[in-house]
Each structure stands twice: as C-alpha cells, then as structure tokens.
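Note on naming: letters A, B, ... go to the chains in the order of the sequence lines (proteins, then strands), and numbering restarts at 1 for each one. On a predicted model such as this, the values are computed, not experimentally measured, just so you know.
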Protein chains: 2
Amino acid sequence: MISQAMEDYLKAIYKLQQTMKPVPTSALAEHMNFSPASITNMCKKLAELNLLHYEPYQGVVFTEAGLQVALEIIRHHRLIELYLAKALNVPWDQVHAEAEKMEHVISEDLEDRMAEALGDPQFDPHGAPIPSRSGKIFRVESETLTDMDAGNTFVVVEVNDEDSELLRYLGTIGLYPGTELLLVECAPFDGPLTLQIGEEQHNLGYQAAKSVLVAPKDTSQEQL
Amino acid sequence: MISQAMEDYLKAIYKLQQTMKPVPTSALAEHMNFSPASITNMCKKLAELNLLHYEPYQGVVFTEAGLQVALEIIRHHRLIELYLAKALNVPWDQVHAEAEKMEHVISEDLEDRMAEALGDPQFDPHGAPIPSRSGKIFRVESETLTDMDAGNTFVVVEVNDEDSELLRYLGTIGLYPGTELLLVECAPFDGPLTLQIGEEQHNLGYQAAKSVLVAPKDTSQEQL
DNA sequence: CCAAATTTTTAAATTCTCCCAAATATCGTT
DNA sequence: AACGATATTTGGGAGAATTTAAAAATTTGG
C-alpha cells in the first residue's frame, strides 16, 4: 500500500517540516530533485491515504498517521546506520547510502533484532536521535556551529549524514558526535572557523561548519 | 541498468536451468507466477542486454555475462541468509523472505564485510552453496530423500528454503543440513517416509521429503 | 489595486512491469 | 503429413512514478 517512493516523500517531508510548517511543494521539489509537478501528484496520493493534509498552494502538513509512518522509516534508517557502523565496521561516511536502500526492505522483526543487538540505542553514528518503536523522538538541544561565538567550548551533538565527502573529512580531524572542541576564531563574512580539537587546530569552511550542530559544553548530554 | 525485476528473472532462470536447458518460458511463468506473456517480454529485454540467449519458442539460456550476474545475486541472497541467522539469530524459516528483499539493495562492499564476518562461508543455513566472489559455485553431490532406499543412513545436504512452514517443521524434528538420519521405511505409492533422527522417529510426508537433499553417510562432505 | 513575476497545478507523454485475449508456432498422433 | 492439443508470442492496455510544457492561482511591487 505504501510504496518505496511514498516512504521517500514522507522522509523528506519530515526533514523539511522541522524548519517549515506547512512544507511548500517547491521546497520538497528542490530537496528531492524532482519536478514540482511530481511533488503535487504524490502529495495528493499521500493525502488520499490520510498521511498528509494537503491544501493546494499552501503546502503539506503531516497527519498523525503520516508522522508515525515517517518516524518508523527514520527509525529503520538510523538503526541500520548504527548497526552497519558498529557490527560490520562500515565507515561512517558510507552508512547513509547503504541505509537509504535497506530502510525500505527490512521487516519489523529484523529491526527489533538489530535494536536489541545494539542495546536499544538512542543515537545514530552522526548523532541523530533514533525514534523509539512507539514513534517517540527526543530532540537534543543544539545549534549550528556557525551561530556560536568564538572563545567557547562545545560538544558536537550531530552532523549532517548526507554528504559523504564532508563526513570523511570530519573523521580525519576527529570531529564526531561527543567530541569536545574549542571555537578559537570565526572569520568574518562567512569565513572559515578555527577549531581546537584535542591538541590540534583545524580550519573548517563555513559551509562545512553549518552542518555541525553543537551544544555548550556544560549542559551537554552524554552519549556513547 | 539491471532492474530488480530483471534480477528476479535471472535468479529464477538460474534455478530452473539446473534441471533444464534451455529453460522454456512456460516453466519460468509457472515458477514466477507471472503470465507467459510477461516472461516473453522480459526475456527479450534480457537478451537485448546480452544476459540471455533467446530463441523464440525454444526458451532461454544464460550468456556468460548473465550467469555471472545471476551468481552474484545468489551470493548476495545466501550470504544475507547466513548472516541474519548467525549474527542476528533470525529463525531459519524467515531468513529467505528477508534475503529476498535485501539481496537487491546491498553494496558489494557490505557483502564483502558480511562474508568476512562469517569467515568466507561455503553454505547458507539451508545447505545451499554460496558462490564465491568471482562467481564460482560448487555443487555438492546429493539426491532427494524420496529417491533413496530404506535401511540406509544419510546426511542431510540441503533443504528447500522457500517454504517457511516446512522449514519450521523440519526444525522441530531437528532436520538441518549436516544432520544424520536413518531412512527406516518408505511407504509405497508416494507415501510418507519414516526417519530415525537421533533417538526419535518421525513420519515425513512425501512432498516434504522431496525438498530434502541427502548424501550417503560415508561419502558425506563436512560442513559447519 | 492592478500587472508582472513567481509558484503551483493540470494535462499529456514516457518508461517500466505486468496482464489478458487473440494469433501463431510446435509437437505428438495417427 | 496433417490434425488437434499445447506452448509461445503478439498486440493492446493498465497502473505507478516520473517528466515536460502549458495553464491557473498567488504573491509582490509600483
């Protein structure tokens, strides 16, 4: 009943509705790299299935049912990412692509077994929270590194999992969720940020820094 | 280029061409539960891609390229089955359904990691041989239990992985690949077979017994 | 508050995989 | 060697997911 394409739409809508409600079809079109027409078509279908509220020209909002479906897929995705990283040592810059395909095909039973093998984990390898089986998700307080002031110490909460190359680079400088860093300097006009990680200093481009979410050191949540 | 549907066709053709060459489209239609017309269509496409030799009314035969693609998918399938059974304790009657979906989406890299985690295994949980990375597969000498004579002892080599209910039953009587059994009696007219497994005796229906492949005890190959 | 620019939807077309019904080829008998 | 039964292909069509191009609605700016 719910096709793989539909699942991808719901996942994309979930991502966008964190910053905009309702989600305009144009935002979806850009995010998914589909034509606006495709988006309208599919949103109508999803509204038919009572997964979305859809008002022409107004964009879409989740129904409760739609939100639960989206969270279930996201749970699949993040559990798979963590499982691959932990159990099979898949590099953290590759788990996203792999999970992107597997999330649509694993059974609930297999998901449960992976969750159990991992000890019901709370976060994926990029620091994103894993929804619970019952569809609850906890948002960790955090802001993007580019919004922080120089001179303070932070803990990395989460990094964007979609850019494999970026992840590989962040790995080489040791910037993982849980890592502590000192923001030494922020160059003006969206320039690079100077970070102190352990004993070493690194310059991180503005675009890269935008996809790093941090929390002030003192109020930091502990995670594995 | 090669769609999931095409992969399913190649897998089915591999299965059938073990007993018939060339494979008639009707056999494929029956095995895959598609109409004969669908089969003809797809076989033409696969022939276009140089994966099959297709002669109208004569059926299909693999090209070398087609055979390699088929073996790669089968390797995916069987490695996944074994991995799920061993690493995540998925019951052996469920691994087939799970692998059927996952086989189409895992990367070669992930496959390698699973193979490595399992120590480059030779057989899946049902005793079927796993093709090597380079596409070689070893056929273990075996015959179906219904063709054997009463009074002899055999080792189970392989059981059909497609019937979940049957596998569950075989599990309850302890009939796994590697299990030793004494064929006590074969009722005539395709009647049930009486087996001695360990201390217990069981009656196995003729249809069920047909999907159990065995080898004489003395010449049996060792497998984990 | 109207016209231009933008966004969104509608409509028609495409590709893929499948189906059904009809036409055609093959095969076993006699 | 021709007939009937069976197997196979052809042709046409349907549904899903996408596209492009054109039409319609909304927003924006003077």
Are B/Asp120 and B/Arg133 within salt-bridge range, i.e. N to O under 4.0 Å?
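Answer for the salt bridge query: no.
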
Electrostatic pair A/Lys11:A/Glu100 at N-O distance under 4.0 angstrom:
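Yes, this pair counts.
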
Whole Å only: how far is the [atom1] atom of [X] from the [atom2] atom of [N]?
X       : N      : atom1 : atom2 : value
B/Glu48 : C/dT15 : CD    : P     : 14 Å
B/Glu55 : C/dA25 : CD    : P     : 15 Å
A/Leu28 : C/dT7  : CG    : C1'   : 14 Å

Quick one: side chain to side chain donor-acceptor pair (under 3.5 Å) partners of A/Ser132, sequence neighbours excluded?
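Only A/Ser134 meet the side chain to side chain donor-acceptor pair (under 3.5 Å) criterion with A/Ser132.
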
Below 4.0 angstrom from OP1 or OP2 of D/dA7, is there any side-chain N or O of B/Thr25?
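B/Thr25 to D/dA7 OP1/OP2: no side-chain N or O under 4.0 Å.
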
Is any side-chain N or O of A/Lys44 closer than 4.0 Å to OP1 or OP2 of C/dT10?
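Yes, A/Lys44 has a side-chain N/O under 4.0 Å of OP1/OP2 on C/dT10.
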
Could you run through nucleotides 16-29 of chain D and give me one letter per nucleotide, 5' to 3': B if any protein heavy atom sits under 4.0 Å from the base, S if only the sugar-phosphate is that close, - if neither?
-SBBBB--BSS---

If only side-chain N and O atoms count, and only distance matters, is there a donor-acceptor pair under 3.5 Å linking A/Ser211 with A/Asn160?
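There is no such pair (donor and acceptor under 3.5 Å, judged by atom type) between the side chains of A/Asn160 and A/Ser211.
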
Could you pull out all donor-acceptor pairs under 3.5 Å where a side-chain atom in residues 67-79 of chain A meets a protein atom, sequence neighbours excluded?
| unit_1 | atom_1 | unit_2 | atom_2 | d |
| --- | --- | --- | --- | --- |
| A/Gln68 | NE2 | A/Glu64 | OE2 | 3.3 |
| A/Arg75 | NE | A/Glu111 | OE2 | 2.8 |
| A/Arg75 | NH1 | A/Pro131 | O | 2.9 |
| A/His76 | ND1 | A/Glu103 | O | 3.0 |
| A/His76 | NE2 | A/Glu108 | OE2 | 2.9 |
| A/His76 | NE2 | A/Glu111 | OE1 | 2.7 |
| A/His77 | ND1 | A/Glu103 | OE1 | 2.7 |
| A/His77 | NE2 | A/Glu81 | OE2 | 2.8 |
| A/His77 | NE2 | A/His96 | ND1 | 3.1 |
| A/Arg78 | NH1 | A/Pro129 | O | 2.6 |

Does a side-chain heavy-atom distance below 4.5 Å link A/Val159 with A/Leu170?
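Counting from C-beta outward, A/Val159 and A/Leu170 do come under 4.5 Å.
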
